[in-house]
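Below, chain A is the first sequence line, B the second, and so on; all start at residue 1.
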2 protein chains.
Amino acid sequence: MKDSPEDLIVNAILDAIAEQRLPAGTKLGEQALSDLFSCNRANVRRALASLAAQQVVELRPNRGAFVMTPSPKEARDIFQARRAIERTIARHASGQASAGDITFLRDNILEEAAARQASDKPAELRASRQFHMRIAKIAGNLVLERFLSELTMRSTLILGLYSPTGSSSCAEDEHDRIVDALEAGSTDELVRLADEHLRHLEAGLNFDEPPAAPMSLREQLMAPGKES
Amino acid sequence: MKDSPEDLIVNAILDAIAEQRLPAGTKLGEQALSDLFSCNRANVRRALASLAAQQVVELRPNRGAFVMTPSPKEARDIFQARRAIERTIARHASGQASAGDITFLRDNILEEAAARQASDKPAELRASRQFHMRIAKIAGNLVLERFLSELTMRSTLILGLYSPTGSSSCAEDEHDRIVDALEAGSTDELVRLADEHLRHLEAGLNFDEPPAAPMSLREQLMAPGKES
DNA sequence: TTGTCATTTATTGTTAACAATATTTGATAA
DNA sequence: TTATCAAATATTGTTAACAATAAATGACAA
C-alpha cells in the first residue's frame, strides 16, 4: 500500500500549493526535489510531467518547472468552470449526505473559523478546501471530484496572486447555510448558494495590480531592496 | 514551433484513441513506443505519465502502461460530467458563433455523414469529436475545452467497450438541430438539445455483456481459437 | 494430455555519466 | 557607476548500462 516516490512528490507539491506555501511562479528545480525526496531525477521528471498535465505546473523547455501563474483570463475561465462543476455537484449531493458527512462539515466550519482567528492561513485554506471536496465526495462522481480538485488548486494560486486583502477564503456563514440546505435536501436553494458563494469569492479579486513579482528561493531569502 | 518528442507521443496516442484505433486495454510498451518515435525511453516514460494524469492510460507498477478500460461506474460518471460541461459550454456558446464557425459545423456534419456511408469509422469518430470540440472553442473557455477533450476521449473508449451495435456515433439530425439553435441564439433550446443528445448516446450503452476481452498485439494477430 | 515448477526471456525500474543549454559571475571599457 | 561581453557555473536534456520484476518457455511428473 506504499506510494511510489512519484506520487509522493506530486502530492507534496499539490498540498503545498493548496496551502499557499508554494506561491505561483516558484521554480521547482529537479535537483532540489530529488534531494528533498531522496530519489533520482527520473522520478522527479515524471512527477513534474504529471503536474504539468494537470495545469498546476508550467514546463518551460531548457528552463525548468515553475508553479503555474494563472493569467486574469485563465482566472475567469477557472472560476466559470468551477461554478458549473460545483453547481452540478451540489445538485447531485443534495439529500445524499449521511449523518457523518454533516458532522464532518460542521466541524470543518469550526476548524476553519479557529484557523482564521489564529491567523493560520495554511490551516484555513486546507479546511476550506476540505469543505468543498467533501461535498464533491458526497455527490459521488469521481470525475467531477477530480476536476474540482484541480480547480480548487488553481483557485488557490489565483487568490494568492490577485486577492489584495486577506479576503482570500470563503465567508463562513455561507458555508453554514450551504450545510443547512444540504441537510434539508432543498436542492435549488443549495445550487443557488453554491453559485453565489463562488461569485463572492471571484468578486474579491483585483486584476489591476501587476501579477506580483515572480519568485525564486533567492529572492525570498533576500530582504527586499537590499543587495549582498 | 516544433513539438517535443513527448508531445508527439502524447498526441499520437490521443488521436489513435479518439479514432478507436487503440482499443481499451491495449498495452503500450516502452520499447515499442521508443522505437516507433525513435526517441529514448525517458521521453516515453514522461509521455505515459502525462497520459496517466489525464486518466486515459493506466499505469500498473512493474507491468507497464495500458489504455484505460473504463468500468460501468466510470462510464456513468463520465457521461454525467460530460452533460454538465457540455450544457455549460452550450450556454456560453449560444449566439457567439461566427459565420466561419457555422459553415465549419455544417461541413462537418456532411463529412461525418459521408464517413458513415463509407463505413469509415475512424473518420466518422474524428468528425463527431471535432463537432463537439468546435462548439467548445466557440464558448471560449479553455478549461472547459480541456475537460471536454478528456471526456470525449474517454467516451470513445466507453463506446468501443459497451456499444453493441455500431450505434456508437451521434445521430446526425441532432447535430443539425444543434447548429440551428446555435445559429439562432436560442440558448435554452440549445442547452436542451445538447443534454438530450448526450442522453441518447448514453442510452445506447449496454453494460450486460462482459467488458470484452483484454488486448495484446499477439491476440490481435492470432486468429481466434487457433494456436500456432 | 494436463498441471506444476525451474529456467529463460523480455520488460520495467533505477542509476550514473555525459552533452546541451541557461544563468551567473567577474572583468573590461565607456 | 553602467553596459557589454567572455568565462565559469549550474541546470536541464539525453543516453546507456545495470538491477529488479514479471511473463514466457520448456521440462518433468502425474
Looking at the side chain of B:A42, which of D:dA22, C:dT23, D:dT15 is the nearest nucleotide? D:dT15

Can you tell me how far C1' of C:dT12 sits from CZ of B:R46, to the nearest Å? 18 Å

If you measure from the Lys or Arg side-chain nitrogens to the Asp or Glu carboxylate oxygens, is any gap between A:R146 and A:E150 under 4.0 Å? no

Residue pair A:R129, A:T156: steps toward the side chain to side chain donor-acceptor pair (under 3.5 Å) verdict: CA-CA 9 Å; A:R129 185 160 186 275; A:T156 305; 5.6 Å; no

Residues B:R82, B:E202: salt bridge by 4.0 Å N-O rule: no

Can you check the B:R63 CZ to D:dA24 C1' distance for me, whole Å? 13 Å

Rounded to whole Å, CZ of B:F66 lies from P of D:dA22 at a distance of 12 Å

Under the 3.5 Å rule, do the base of D:dG13 and the side chain of A:R41 count as making a donor-acceptor pair? yes

With heavy atoms under 4.0 Å as the rule, sort A:N62 into base, sugar-phosphate or nothing. sugar-phosphate

Expressed as a whole number of angstroms, how long is the span from B:R60:CZ to C:dT11:C1'? 14 Å

Indicate whether OP1 or OP2 belonging to D:dA22 is found under 4.0 Å from a side-chain N or O atom of B:K27. no

Between B:E86 and B:H197, is there a side-chain donor-acceptor contact under 3.5 Å, judged purely by atom types and distance? no

Quick check against the 3.5 Å criterion: does B:D77 have a side-chain atom that pairs as donor or acceptor with the backbone of A:N141? no

What is the distance, rounded to the nearest whole Å, between atom CD of A:E30 and atom C1' of C:dT15? 15 Å

Looking at C:dT12, I'd like to know if its phosphate oxygens (OP1 or OP2) sit under 4.0 Å from a side-chain N or O belonging to B:R45. no

Between D:dC18 atom P and A:N40 atom CG, what is the distance in whole Å? 18 Å

Between C1' of D:dG13 and CG of B:N43, the distance in whole Å: 8 Å

Separation of C:dA22 atom C1' from A:Q31 atom CD, nearest Å, is 15 Å

For A:P61 and for B:G64, locate the closest nucleotide of DNA chain C by heavy-atom distance; then report the residue assigned to the nucleotide nearer the 5' terminus. B:G64

